[in-house]
J.: 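First, the structure itself, so that you have it in front of you.
Note that the coordinates shown come from a computational prediction; the quantities given were computed from them, not determined experimentally. Naming: A, B, ... by sequence-line order, numbering from 1 per chain.
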Amino acid sequence: MLVGTHVVGNLYRDSVSLMRMSTNLCDLPGITQAYCLMATQTNLELLRETALLGESIEAAANDILIVVEASDQESLDRGLEAAKEALDAKAVRSNADEKKDALAPSMVAAIHGQAGSSNLALISTPGPYAAAEAFKALAEGLNVMIFSDNVSLADEVLLKQKTKNSDLLVLGPDCGTAIIDGIPLGFANNVRRGPIGVVGASGTGLQQVASLVDHFGAGVSQVIGVGGRDLSLQVGGITTRKVLNWFKNDADTQVIVIVSKSVDEKIGALISADCLSLGKPVVICLLGEDHEKNQESGMHVVSTLEDAARKAVEVAGFSVDQSSFGNEDFAKLVRRSGERKYLRGLYCGGTFCLEAFQLLQKKLHPLSSNVAYDVRYRMKDPWSSSGHVLIDLGDDIFTRGRPHPMIDHRVRNERLRQEAMDPEAAVILFDVVLGTGANDSPVEAMAPILKEIQGGKMFSDVGPLLCAFVCGTKNDPQSFSRQCAALEKLGVNIFRSSTESTRAAARILETFNE
Amino acid sequence: MSKFFGSDLCVVNVGVSDFANAINAAGGEATAVDWSPPGGSEKAARVLGQLVNHPEVEVANKEAFSRYLEVQPLLIGVKKAAKCIPDFGDRMLLHSGPPIAWEDMCNPMRGAIVGACIYESWASSPKEAESLAQSGKIKFAPCHEHQAVGPMAGIISPSMPVWVVRNQNGGNLSFSTLNEGLGKVLRFGAYNSEVIERLEWMQNVLAPELSDTLIRSGPIELGPLMAQALQMGDELHNRCPASTGLLLKKLAPDLVNSNSPSSVLESCFEFMGSNDHFFLNLSMAACKSMMDGAHGVPKSTMITAVARNGVEIGIRISGLGDEWITSKAPTINGLFFPGYDSTHANPDLGDSSITETAGLGAFAMAAAPAIVQFVGGTAGDANANSHRMAAITVGVNQKLTIPNLNFLPINAGIDIRKVVDTGIMPIINTGIAHKESGVGQIGAGISHVPSQVFVQALLRIGSSILKAG
């Protein structure tokens, strides 16, 4: 071991910067020990105890003494040189993490930073924590949109009860979509502004209705998600009713659309009563309710998303622009092939799956789904299809430990391959959802498997028919037209909406029995 | 809803940050929160959800904080501990940190107790002192529970002279020992004859001189002195040379008027002047005065003491009365003197974190550029540190400002709700003691109060507030 010393006369540095220098020197190759100290009596004694210093050294209390021990001369020289440089060092780069400084450390701090303008907390933390954040937000006088699911019903009731006597709204839990004053919240689309107010339980349902309203030439005032349990008996429709009341008095809203999955009977009666008092036409889309309700004046009941959009646009006084896109002549698409006879629907949007199930329940047999309410229609194994199958890929069993399929297409791509290779699959139907929160380019993410299927090498016959619909508007970031064009190029047949694609699939498969 | 639809959408986004980006891109305004599970537990998150912006807690914290602001600590004298510290029994020793039994104490604290026993003539040898300490015949109690604070081992024995600080507004008294200096001293657990002799000199020579000096000079206002020192490079915990100098300036004219021979005065000046940490104990006593003033406001979640005994760290909260919430004392992330490293280090020790509790020390790190090097070293890092501490405190103290931050006032009054909510742990600047008694300081660095202390504290005060409310 070699020891070298260097004295820098009449230079003061504080003990901490000197200690830091020592630590940095020890990181250099070949350096075994390094000390930078003011040469006070105490420090000299300390150094002598380490046996690095000989007895005499020409250094006084106002001098800096550098002592370096190294394994070879080169390392020693390098170390001493580095020490001298460090004493000379001028500006140092900041350690502060710039990016992190842009984030607020807590909700309270963020609200403070917004200096009184805050009016909404958008919460997408893991479920068990979302309610706590929501309570905080309400206490601070903010409206709340809870994107998170896995929030208990009890918490939802507590939160919404807290807003009973105030103006505040709790949207959700499990509220994936809202468009407030034209600004997309969560998974949402850029939709033209107009006179149609939309409120409802489901995310993708709202997205489809709003997007279709845009396609048909009209626009929306507000699109408000209320969460899947708002219309349950326990929650009592608190948020829906508040929103309806607001729509009643909103000059910018002429027609209201309610999109719902399931409604408790008692609550349904309350909502109906509310609707009749609005003084504005209401379109109610009750998915999963297969009925022809008596049309009370001012209330139009439909059972599909496209019908809801179409009706609302008509009632609002627009002529529905149907000329946009989509395959009309389904018959042309029919092709018999081998054993192929079944439909495989692969959905990111749970509502689309539900709507399809309702439309096809009486038309296709055997039909099953991984999210069928009725146990008789529940798939035995969600990972393996037999018969006609409609799959909600956003269900827990597929998303454990993974992002939602609207963001991460890997699970669906795998399932596409699996279905394509099934000799019994005749039609494979899937949704492509655009807008904020969704994948930057969904079709690009699916291109490899679609190309492979188009290539035809996976099967000995012509293979399954690929059908899809794109839920979005031409103002969405992913470029609606580009996504459609890409899909068509990949051999996918495109339809106007979830509803349309389901009807098409039914027609196509019906011909197989003719 | 009149402030919602049709008003400018102004969103606080908690969770997926992409949502905030989308809102900003669409012309709305969104601030993203750097969120992580508060306290790492659902239970803590739920309690927090109820306590944040709880009106009674807000009122209580406001009250506790204004009491802290109103404290005006005055140095009024130097007295024998037994003569002024309340409830100081005959065979009693005060120690730093939360309560701890002899058998659990760390070596530096035991060494200091041995030294104290010899100094008090309760024992004539270290062995005797240890048996005495072990026998249960000595009562041990935290300094904090007797309105006192002590650095490192923090041992206060009946005969020791202590600074007496009075809150001019509230009247409460606070006490602290006189700083012995560096190296082999009692507070690091040394107990050789040099240590005892020095303690005796402090008791018989220094203390009487200081006591008389203060009678001649009258009380010294500590607040303005500390404010001035803060603007001269002190942070009043690990850096006290300016405050020490200012104190000597204040004492010198009256000290010099003593009837004692000049050799005695010289020894006093030499002793105080050569110790850059001499003012530390007074800084601690002043901060103790401020935090005691704020203690005892029901439902307040403001911390009024942070203290370590080398084994455990404990906090006290204004609204939780005499309760200590404790956990294992943290290890210190620091830099070491030659010949030492983290394997020699004792866990965090001492009451000196009372300075951070009052908004000084590491909370005012930007005032002492040298200390800032523990968090990176640049002005940006100092700023970021102040910013972080601002996120977990109740308010600011306009009497104590930092020139380097454009005279920004210090952030003070740690709110346990904010700690759990942000995940930002209070930072402490501290010296590192050797884990063997009597070796002394081996380095310096920073430590953080561990998160489990805050989660525990939150659940404790949560259950008392939410049950009652």
J.: So which residue, S117(A), G113(A), A109(A), ends up with the most heavy-atom pairs under 4.5 Å with chain B?
T.: S117(A)

J.: Where do K299(B) and E58(B) land on the salt bridge (charged side-chain N to carboxylate O under 4.0 Å, His left out) test, with the steps shown first?
T.: CA-CA 9 Å; K299(B) 306 204 176 157; E58(B) 296 301 318; over 6 Å; no

J.: Salt bridge check, D155(A) against R46(B): does any charged N sit closer than 4.0 Å to a carboxylate O?
T.: yes

J.: Taking every heavy-atom pair that is under 4.5 Å apart, which of D8(B), I23(B), L9(B) has the most such pairs with chain A?
T.: L9(B)

J.: In terms of heavy-atom proximity below 4.5 Å to chain A, should A444(B) be classed as side chain, backbone, both, or neither?
T.: backbone

J.: Do D181(A) and Q222(A) have side-chain N/O donor and acceptor atoms under 3.5 Å apart?
T.: yes

J.: Charged N to carboxylate O below 4.0 Å: is that the case for R48(A) and E45(A)?
T.: no

J.: When you check the side-chain N and O atoms of T31(B) and Q114(A), is any donor under 3.5 Å from an acceptor?
T.: yes

J.: Under a 4.5 Å heavy-atom cut-off, does chain B meet the side chain of I224(A), its backbone, both or neither?
T.: side chain

J.: Aromatic rings F187(A) and F19(B): how do their planes relate, parallel, tilted or perpendicular, breaks at 30° and 60°?
T.: perpendicular

J.: Which bit of N21(B) is near chain A, if near means a heavy-atom gap under 4.5 Å: side chain, backbone, both or neither?
T.: neither

J.: Can you say whether D18(B) sits under 4.5 Å from chain A via the side chain, the backbone, both, or neither, judging by heavy atoms?
T.: neither

J.: Show, in sequence, the C-alpha distance, side-chain angles and deciding distance for S106(A) and T422(B), and conclude whether the side-chain hydrogen bond (donor to acceptor under 3.5 Å, both in side chains) test is met.
T.: CA-CA 5 Å; S106(A) 67; T422(B) 60; over 6 Å; no

J.: Using 30° and 60° as the class limits, which term best fits the ring planes of H434(B) and Y340(B): parallel, tilted or perpendicular?
T.: perpendicular

J.: For the candidates V16(B), V47(B), N238(B), which exhibits the highest count of non-hydrogen atom pairs separated by less than 4.5 Å from chain A?
T.: V16(B)

J.: What part of I424(B) gets closer than 4.5 Å to chain A, counting heavy atoms only: side chain, backbone, both or neither?
T.: side chain

J.: Highest number of heavy-atom pairs under 4.5 Å with chain A: which of G443(B), G334(B), P37(B), A391(B)?
T.: P37(B)

J.: Tell me, side chain or backbone of A390(B) under 4.5 Å from chain A's heavy atoms, or both, or neither?
T.: neither

J.: Sort E140(A) into side chain, backbone, both or neither according to what part of it lies under 4.5 angstrom from a heavy atom of chain B.
T.: both

J.: Is I180(A) in contact with chain B via its backbone, its side chain, both, or neither, using a 4.5 Å heavy-atom distance?
T.: both

J.: G339(B), A22(B), G445(B), G423(B): which one forms the most heavy-atom pairs within less than 4.5 Å of chain A?
T.: G339(B)

J.: Between E194(B) and R198(B), is there a side-chain N and carboxylate O pair less than 4.0 Å apart?
T.: yes

J.: Of the backbone (N, CA, C, O) and the side chain (C-beta and beyond), which part of L52(A) lies under 4.5 Å from a heavy atom of chain B, both, or neither?
T.: neither

J.: Heavy atoms only, distances under 4.5 angstrom: which of V14(B), L48(B), L182(B) has the most pairs with chain A? Name it, please.
T.: V14(B)

J.: Just one of V52(B), V420(B), V419(B), L458(B) clears the side chain to side chain contact (heavy atoms under 4.5 Å, CB included) bar with P38(B), so which one?
T.: V420(B)

